[in-house]
Amino acid sequence: MSAYEPKRIESKWQAVWAEEHTWEVANPGQPGFAPEKPKAYVLEMLPYPSGEPHVGHLKCYAVGDAIAHFRRRHGFQVIHPMGYDSFGLPAENNAIKTGEPPRVATERSIDSFRRQFRSWGISIDWSRELATHTPEYYRWTQWIFLQLLENGLAYRTQAPVQWCPKDATVLANEQVVDGRCERCGTPVVQRNLEQWFFRITDYADRLLADFDSLDSWPEHVVTMQRNWIGRSEGAEVVFRCDEVGLDFPVFTTRPDTLFGATFFVLAPEHPELERLVAGTPAEAAVREYVDRVGRESAEERGAEDREKTGVALGRSVVNPVNGERIPMYVADYVLMEYGTGAIMAVPGHDSRDYEFARAFELPLSRVIEGSDPEAARDDDGLPYPGDGPMVNSGRFDGKHNRDAYAEIVAWLEVEGRGRTAVNFRLRDWLVSRQRYWGAPIPVVYCEACGAEGEPAIVPIPADQLPVELPEVEDYAPKGRSPLAAAEDWVSTSCPRCGGPARRETDTMDTFVDSSWYFLRYLDPGNEEAPWDRAAADHWFPVDQYIGGVEHAILHLMYARFFTKALADLGHIGAVEPFANLFTQGMITRDGAKMSKSRGNVVSPGEFVERYGADTARTYICFMGPPERGGDWTDEGVEGVNRFLARLWRLGEEVEQRTDPGEWEAATAGPESRQLMAKAHWAIDKATRDFSRGFQFNTVVAAVMELVNDCYRLKDGLFESADGAAALRFATTTAASLIFPFAPHLASEVFERLRGERVWEQPWPEADPALLAADTVTLVVQVNGKLRDRIEAAAEADRDELLELARGSEKVGRHLDGKEVVKEVVVPGKLVNFVVR
RNA sequence: GCCGGAGUGGCGGAAUUGGCAUACGCGAUCGACUCAAAAUCGAUUGCCCUUGCGGGCUUGUGGGUUCGAGUCCCACCUCCGGCACCA
């Protein structure tokens, strides 16, 4: 008998799959397309190729591949492609350090990723491979940009934006975490810059509403996106400043507290501040305050428990509900990017306004009664955020605030001083980056086509795409894109008038690249269009998407937005890209995230070299439910490796000691029947757990049990023809069920015993006749306590079971001298005597 | 503070509809094989009392519902993740 040598069988089967293009699928209308099969689009998030793949990649693709195999063997035509998110900052930062062009380092990483993915035996359709940094791909990224631009969904404007000083580029709101750059951790600062945006806010309501169609998405991902989008219903109310003749609209979710407004606050970035204080005694102090705030990082400004600061403007506005004049302030607790950048302050019912009022000794006013004295910070029970009858509110006094809410808004509307309004936390997506390694934004600026001294933005015609990324000498960012130094490239002619024009030098956020790659896979070689509509209509949307939860907001929300926009523009049918989403948990080691500095990194390359891909994949799936994290232990790996070797040896022994063809109907003897029943139990268990939220750990456990039973029973079974047949059946079944996790070993064992290719076989079906046991273990309880277990006929009725239970000596001991007040019988399961 | 998720042996974890708690794996102990070791095969392994038979206890804590609760309800504790001056 030969030992289990993973390297040998893994390279053998990988060669077969590569040579025969086993996992490739054709598009509708092409040769090889199977119109009779239902389709399944199984997709894992594409990797950012940097260095070598890590254990997180291995987990993602192991899980996705198991799903793809399971679907194939259920008769689906599965499209399962792979690509690389190959634009991005790490390659560029490396270039700044070493001078090596990003393209060279990136393509080296891609080679290494591709090699490893092949060595893992993942069933990928390599004919659809793509990389987002290639002109063949980003040509269409640019095309989509132009589609958005033409349809008013992309625009350029000046706005306060987040700037990362270290990476020397602007960032989208989503890429700022706790006031720091998501990528490098540097505190970001605000700058007022002209930038490109995508109008994702137009889709805010639909991004929320369409969650209804995504019922298999993990709840926490949906919650995170909901929070991020942050829809609030309320009212816009206009306060007028007579002194300068300006209207100041505010957004409030509490129009019922309007009568309690005692002051008014503007954000330091508010555009009308200058006009309000110019030439007044407050001017110097306000200017100093605004400057000070402007120098602070977002992190400092957003710090917890920060003292309220601000400056009085010496101006006032009129409260539209009661005509009261209230003083205006500037304070940094009001944010320019939310609402209108101005608020009415109701210190009696809002804790932030309360803190400011305390600090500046401003008056409080209660307009809603009823309080929870425990929660209040004040003797008057203020601030009070809850509901109750209204007071100090003119003709609304005595009304419940919830009822008054709509009446106040309706009244304001009649007066022309307000209206209902919905406000979102979500901002438009800032997509321009002052960096090199990304898709160039395909527009030029033309003086001749412009007007009033402003150059016109002229899009590059689609047939002249791609706007290729030029080679440059110096990748270092200098506050503008390194592309600005490529004078030959920047200086061009206007596609509209033919006169001199200058190219846009910013590139696109790499999240743009990954917001549509799942569509390009459907028709990756198409040179006429980003995809063929018929191919997209057939394959799209993705049926099962798999990836890390760290993309819960950014990537998943952007991709949803793109899909909706592209559907609106008539390019695809579906409005949601990912019908089902599975987020895998993170693998740790010694309870901590793997990192070079901790020295606890498991390298998949070295690991697969030593143990084989089958062990790596099966172990990852056995660690625990894949949506949860898991701690990697070397002992656990050994256990799984031992199990696979055990299956291997079983296969060898069965092959040598039994004859082919013996695997049919083998239930003559009691032991062979027992093993057949176990095999069918494993089929049933594996199938159910696979379908029930991908519980791979218990699927693997079921196959382990089957193999254990084979070992327990095999010495006796080899003696008889029916026993040998049962062993053949059980062993091939174990191979068949483990195939989604250990495809190489499974293919080898299956081929040896059956002469067939396991992936071409349908997933096994459990025989109900063998699932149903003849006898069951009857549990007998007295007062709910387990007293005995008795073998009983499966179909025994209530009276028979009771009689059987009473007959037990162990049970009788606990019934002696007691009065049985109740008998509970669950047929096929248990009897419980309640005694007194 | 708000919103999610989770607490089960020495460890990772299982328990599908309220019905045998601890499947499977790891670790540990013992045995077989071996000159020996490794590998392999087999047995035992929640905790406490007991020589044994047997008995008691046990799913973060405290209560409740039920013949019966890891599972349902109430209160609380701890840990993890997300959001947080969002008007």
Worksheet item: What string of B, S and - do you get for nucleotides 2-22 of chain B, 5' to 3', if B is base contact, S is sugar-phosphate-only contact and - is no contact with any protein heavy atom under 4.0 Å?
Response: -SSS------BSSSB--BBS-

Worksheet, complete the sentence: Heavy-atom contacts, protein to nucleotides 41-56 of chain B, under 4.0 Å, summarised as B (base), S (sugar-phosphate only) or - (none) per nt, yield SS------------SS

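For A:Thr698, the side chain to side chain donor-acceptor pair (under 3.5 Å) partners are A:Asp689, not counting sequence neighbours. Considering only residues two or more places apart in sequence or on other chains, A:Phe833 meets the ring-ring contact (aromatic ring centres under 6.0 Å, His included) condition with none of them. For A:Trp632, the ring-ring contact (aromatic ring centres under 6.0 Å, His included) partners are A:Phe607, A:Tyr619, not counting sequence neighbours. Not counting sequence neighbours, A:Ala359 has no partner by the side chain to side chain contact (heavy atoms under 4.5 Å, CB included) test. A:Ser691 is linked by a side chain to side chain donor-acceptor pair (under 3.5 Å) to nothing, counting only residues two or more places apart in sequence or in another chain. For A:Phe622, there are no ring-ring contact (aromatic ring centres under 6.0 Å, His included) partners two or more places apart in sequence or in a different chain. Shown here are the side chain to side chain donor-acceptor pair (under 3.5 Å) partners of A:Asp205, two or more places apart in sequence or in another chain: A:Arg231. Legend: residues meeting ring-ring contact (aromatic ring centres under 6.0 Å, His included) with A:His349, ordered by chain and number and at least two apart, are absent. With sequence neighbours excluded, no residue satisfies side chain to side chain donor-acceptor pair (under 3.5 Å) with A:His270.
Residue-to-nucleotide proximity on RNA chain B shows that, of A:Met224 and A:Lys822, the 5′-proximal contact is made by A:Lys822.
Near RNA chain B, defined here as any heavy-atom distance below 4.0 Å, the residues from residues 252-271 of chain A are A:Thr252, A:Thr253, listed numerically.
You'll find the ring centres of A:Phe690 and A:Phe696 inside the 6.0 Å limit.
In this entry the distance linking CG of A:Leu644 with C1' of B:C24 reads 14 Å, nearest Å.
If you check every strand for non-hydrogen atoms under 4.0 Å, A:Val700 touches nothing. Note on A:Gly639: only backbone sugar-phosphate atoms sit closer than 4.0 angstrom, heavy atoms only; bases stay farther off.
Between B:U34 and B:C41, the two C1' atoms lie 13 Å apart (nearest whole Å). Comparing the P positions of B:G52 and B:U45 gives a spacing of 14 Å, expressed to the nearest Å.
Applying the 90° criterion around 0 to the glycosidic angle, B:G9 comes out syn.
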